[in-house]
Amino acid sequence: MSVRRLAAVQPESFAFTPENAAWADRQIAKYPEGRQASAVIPLLWKAQEQAGGWLPEPAIRAVAEKLGMAHIRVLEIATFYTMFNLEPVGRHFVQLCGTTPCMLRGAEELKEVCRRKIGPERHVTADGALSWLEVECLGACANAPMVQINYDYFEDLSPEVFGKILDDLAAGRPVTPGSQNGRQMSAPLGGPTTLTDPALYERPAPTKGTSQEVPDLQAAGRPSTAAQSPGDPLGAASAKEEKAINGKDSREKREAVAATAQDNSPDVTGSKRVGPKTGTGVRDPEE
Amino acid sequence: MAKIIVDGTEVDVPAEYTLLQACEVAGVEIPRFCFHERLSIAGNCRMCLVEVKGGPPKPTASCAMAVKDLRPGSNGEPPVVLTKSPMVKKAREGVMEFLLINHPLDCPICDQGGECDLQDQAMAYGVDTSRFAENKRAVEDKYIGPLVRTSMNRCIHCTRCVRFSTEVAGVPDLGAIGRGEDMEITTYLEHAMRSEMQGNVADLCPVGALTHKPYAFHARPWELGKTESIDVMDAAGSNIRIDTRGREVMRILPRTSEAVNEEWISDKTRYVWDGLKTQRLDRPYVRRDGRLAPATWTEAFDAIAAKVKAADPTRIGALVGDLATVEEAFALKGLMDGLGSGNIDCRQDGAALDPAHGRASYVFNPGIAGIEEAGAILIVGSDPRHEAPVINARIRKRWRATAGTLKVGLIGAPVDLTYPCDYLGAGPDSLADLAGTGTFADVLKAADKPLVIVGQAALARPDGAAILALAARLAVAVGAVKDGWNGFAVLHTAAGRVGALDVGCVPAAGASDAAAMAAPGGLDVAFLLGADEIEVAPGAFTVYIGTHGDRGAHRADVILPGAAYSEKSGLYVNTEGRVQFANRAAFPPGDAREDWAVLRALSEVLGTKLPYDSLFALRAALVAAHPHLGRLDVLEPAGADAVIALGQTSGTTDRAAFGLAVTDFYLTNPIARASAVMAECSALRLGGATAVAAE
């Protein structure tokens with residue numbers, strides 16, 4: 001994250017449009033008398049929208065005055081939250097996720113695309129169309145790598161596809177948000193890979209006295225606790241046995257690690273642990 | 001009350017006490033940076049970590065956890081706090097190491113060096129090395145005004161300054177922008193702070209990030225002589241400590257006094273000290289051929305004696321200035337009595353206060369600490385924020401303690417007091433309305449302990465006596481004067497005023513008051529004891545006894561150099577009637593002498609020798625004449641009868657609105673007017689005002 005400070009060049013003034021002012025009044029009215037300051041984030045957000053995606057200094061003052069707050073209080077908030085942009089952004093503001101899953105899936109190459117097509121981070125293109133910023137996880141890891149452009153997510157990007165999106169945006173052509181490789185949401189590429197047996201979806205004729213067959217779509221996909229066919233890896237051992245084996249195995253490992261750590265590290269807590277506790281915070285049912 | 005065991009000592013404390021307070025009750029010191037008794041709890045420095053049993057199984061910030069948050073042991077034994085366990089030691093060392101990661105190693109050039117919490121606590125609780133090998137962060141220094149210097153690399157983000165300016169001063173200028181490693185303390189776009197108490201943030205700063213700009217690089221704390229004294233910049237009588245090196249006053253700091261100033265002082269109190277060094281009168285002067293020429297004491301005394309002996313006693317008068325000690329006022333009154341003149345007055349501004357009505361008619365009866373009991377407050381003709389900032393801070397404290405429900409009514413100039421108030425009107429008419437049927441009168445009546453504060457702007461006018469009577473009548477009517485509570489409070493602006501009124505420095509029957517003495521042809525010989533706030537009309541032979549080349553000295557025919565408040569020992573009576581003792585911290589410059597000694601020497605030359613040869617003898621005579629002045633640091637309960645009687649006097653008020661008793665906070669007395677720092681603050685404030693008006 002970069003240092004967030006007000007931009008050097010600022011507009012002369014800022015005033016909410018009548019519609020936005022009315023909207024702001026409705027937000028303020030949500031809070032009890034004397035608690036108007038609670039509306040500061042919605043108002044800043046509206047001001048950012050109105051100002052073209054960034055928050056000029058006069059807007060900070062305007063919000064402070066509307067809410068009866070000290071200017072510095074609003075500046076504190078505007079500089080704290082990273083979704084408030086303190087310097088101008090492009091009409092299409094690309095927020096590129098560079099956190100681990102996206103990085104592993106090729107975010108570095110997307111950054112290269114940005115640098116080539118837009119310029120350095122936070123640079124606005126001459127026509128004002130594009131600018132980009134690397135941000136922390138946007139929560140679409142299953143569709144990594146991804147970017148957010150204004151309010152839309154563009155997922156499953158490749159450098160070529162992403163480059164084309166940027167070109168289209170710069171040229172004013174329509175683009176389609178969402179996954180760019182044909183997936184539906186975060187469903188598997190090329191359609192479902194499990195539960196594909198049509199028989200699962202056929203509703204069997206009701207048979208009297210047997211509830212074992214579980215004629216329920218929701219329950220159909222889950223491994224039954226009862227032992228199933230020997231070929232089924234989940235059903236091979238009973239859940240209890242499996243847990244006992246794995247639990248013991250991993251627990252021994254953890255104990256070994258903990259013991260080493262305790263020997264090597266200075267005593268943090270002041271009291272050496274006596275029992276072979278695992279320290280995972282999860283209580284082992286076998287204990 | 002709840003029991004808790006601190007390091008093996010069981011103590012019984014109120015359940016809402018924090019662990020830190022409980023530890024202090026048990027006599028255990030807990031290191032801290034962000035915690036301050038008079039500010040809200042932030043809990044962000046983590047220096048006060050302790051180990052608890054009965055709470056979270058990890059080091060706990062003792063400033064932010066209350067005794068009642070801990071649960072007792074399984075057999076009902078009290079919760080346990082350990083402050084010397086290995087866990088606590090390690091936690092403190094860890095916190096200290098983190099704090100020092102980004103703290104520069106510039107103690108040798110840091111003004112805080114020698115009185116730095118971080119330095120001291122690093123020695124006491126830290127370790128000797130750091131494992132941090134990377135670059136330290138660098139932060140640009142901020143401009144936050146002419147009084148507080150910043151060195152932001154040193155900041156440890158305790159936010160005490162932010163909390164002080166928001167909570168106590170009520171002028172929320174400071175804030176913390178950015179987050180994480182980029183967090184910085186600043187004002188909005190680095191404008192100057194606008195509080196009258198901003199210097200306190202430098203006192204609060206536990207490191208050297210905020211230091212006193214005028215004092216920067218001047219001295220080290222261990223080379224300073226420390227003298228406990230009393231401030232004279234306003235009538236609150238703040239307790240101060242004057243730090244001197246040799247003959248020079250280097251700085252002024254507050255002393256903790258719960259009854260008066262808590263631990264805050266105003267900027268004028270704190271930064272006026274450079275005014276003690278400039279414009280000083282360091283030898284007698286006599287006016288010859290229209291020009292003041294240096295003279296010896298003998299020449300000066302002879303010149304005075306010649307004029308006084310030629311004058312009719314009723315044509316001789318004296319004015320007591322705003323910074324005079326009680327002893328000087330008493331000596332001057334003795335001198336005038338000896339000369340056979342009743343013309344003496346301490347009320348340069350013409351305030352209609354008269355000791356004849358009783359002491360309760362001119363003091364702040366409930367006391368400054370009494371503000372914290374007030375149920376509703378009416379302010380008449382006063383701007384406490386600028387007339388006595390620490391008293392205003394006390395009112396604000398009360399307002400905050402009542403969660404903003406305290407009703408404050410204001411009659412007079414519409415001023416920003418830092419807390420909301422009901423503006424009731426501008427002049428005496430509004431006060432008269434209130435005494436009749438005003439709705440705010442109901443608020444006062446409904447309040448348990450209503451407080452009526454009358455300022456000098458309401459009294460220093462021709463109808464002042466009537467207004468004072470009206471206010472007293474109102475106070476009695478709304479129940480502000482009753483058993484156990486006298487809520488009639490006169491807020492003075494002059495430090496010497498109450499003391500001078502106590503010793504009766506008002507005209508005798510038929511004699512001239514200040515305005516009459518200063519009027520053309522009022523007097524033949526006028527003695528001004530540091531009286532600089534009044535213009536004596538040409539004609540009278542004027543003797544000025546004072547410290548600074550201010551208005552009085554320019555007007556004078558003879559100047560007798562005196563001692564400033566830091567250069568003499570004396571008694572001051574503050575606005576609440578509390579007698580406080582000021583020690584001498586330095587010596588007067590050149591030939592200047594303590595004012596009482598000047599008056600004593602002058603009396604001998606004038607043939608009416610005052611009957612005391614030492615300050616102790618003078619003080620003994622003073623206490624013999626006025627016994628209450630011998631009881632230091634206590635509030636004499638002034639009888640309610642005086643207020644009731646005052647309310648029964650009558651008079652007519654005119655319709656003019658109340659003005660301001662203090663128009664320029666930074667330039668209210670000769671010392672402040674000689675101070676370059678105060679001049680800069682004043683210019684900044686005026687410039688700021690015009691800039692705001694232009695917007």
Side-chain angles (χ1 to χ4, degrees), chain A residues 1-10 12-15 32-37 40-41 44 55-65 67-87 135-136 262 265-273 277 279 281, chain B residues 49-53 56-59 82-94 127 131 137-140 142 144 157 159 161-163 165-167 169-191 193-195 403-405 418 420 695:
Chain A
M1 197 182 67
S2 53
V3 180
R4 295 166 44 74
R5 294 292 180 265
L6 295 177
V9 181
Q10 295 282 354
E12 278 291 303
S13 61
F14 176 91
E33 182 64 31
R35 303 278 173 186
Q36 288 82 356
V40 64
I41 287 185
L44 282 174
L55 207 48
E57 185 270 326
I60 292 173
R61 269 187 285 138
V63 169
E65 272 146 30
L67 297 172
M69 298 169 73
H71 294 168
I72 184 74
R73 289 283 98 78
V74 183
L75 181 68
E76 284 177 331
I77 292 160
T79 54
F80 185 88
Y81 291 102
T82 52
M83 282 171 77
F84 294 123
N85 298 310
L86 299 178
E87 53 197 0
V135 298
E136 301 305 324
Q262 202 163 54
S265 69
D267 184 14
V268 182
T269 58
S271 58
K272 292 239 181 219
R273 293 196 164 174
K277 284 185 183 161
Chain B
L49 294 175
V50 295
E51 183 176 357
V52 294
K53 288 179 181 163
K58 56 178 183 179
L82 300 173
T83 69
K84 297 182 173 69
S85 68
M87 184 209 264
V88 175
K89 182 169 188 299
K90 179 140 185 78
R92 285 173 180 169
E93 287 171 359
V127 286
R131 288 169 285 181
R137 79 185 198 129
V139 185
E140 282 178 17
K142 309 286 187 293
I144 58 173
H157 303 146
T159 68
C161 52
V162 177
R163 282 175 283 147
S165 64
T166 307
E167 294 163 12
V171 188
D173 280 330
L174 284 171
I177 62 165
R179 65 193 295 181
E181 197 188 15
D182 299 320
M183 179 169 157
E184 294 181 6
I185 301 289
T186 184
T187 55
Y188 190 76
L189 306 185
E190 297 195 29
H191 67 63
M193 289 191 284
R194 290 165 296 190
S195 168
T405 58
T418 73
E695 270 177 16

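Below, all heavy atoms of this structure are taken into account, side chains as well, without hydrogens, waters or symmetry copies.
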Can you find a pair of side-chain heavy atoms, one from I77(A) and one from M69(A), that are under 4.5 Å apart? yes

Between M193(B) and V171(B), is there a side-chain heavy-atom distance shorter than 4.5 Å? no

Sub-4.5 Å side-chain heavy-atom contact between R92(B) and T83(B): yes

Checking T187(B) against chain A: side chain, backbone, both or neither under 4.5 Å from a heavy atom? backbone

Taking G178(B), P172(B), G94(B) one by one, which has the highest count of heavy-atom pairs under 4.5 Å against chain A? G178(B)

Between T79(A), L86(A), V74(A), which shows the greatest number of heavy-atom pairs under 4.5 Å with chain B? T79(A)

Residues in side-chain contact (heavy atoms from CB on, under 4.5 Å) contact with A169(B), at least two apart in sequence or another chain: F164(B), S195(B)

Option that, when pairs with chain A are counted at under 4.5 Å, heavy atom only, ranks first among E184(B), M183(B), K89(B): E184(B)

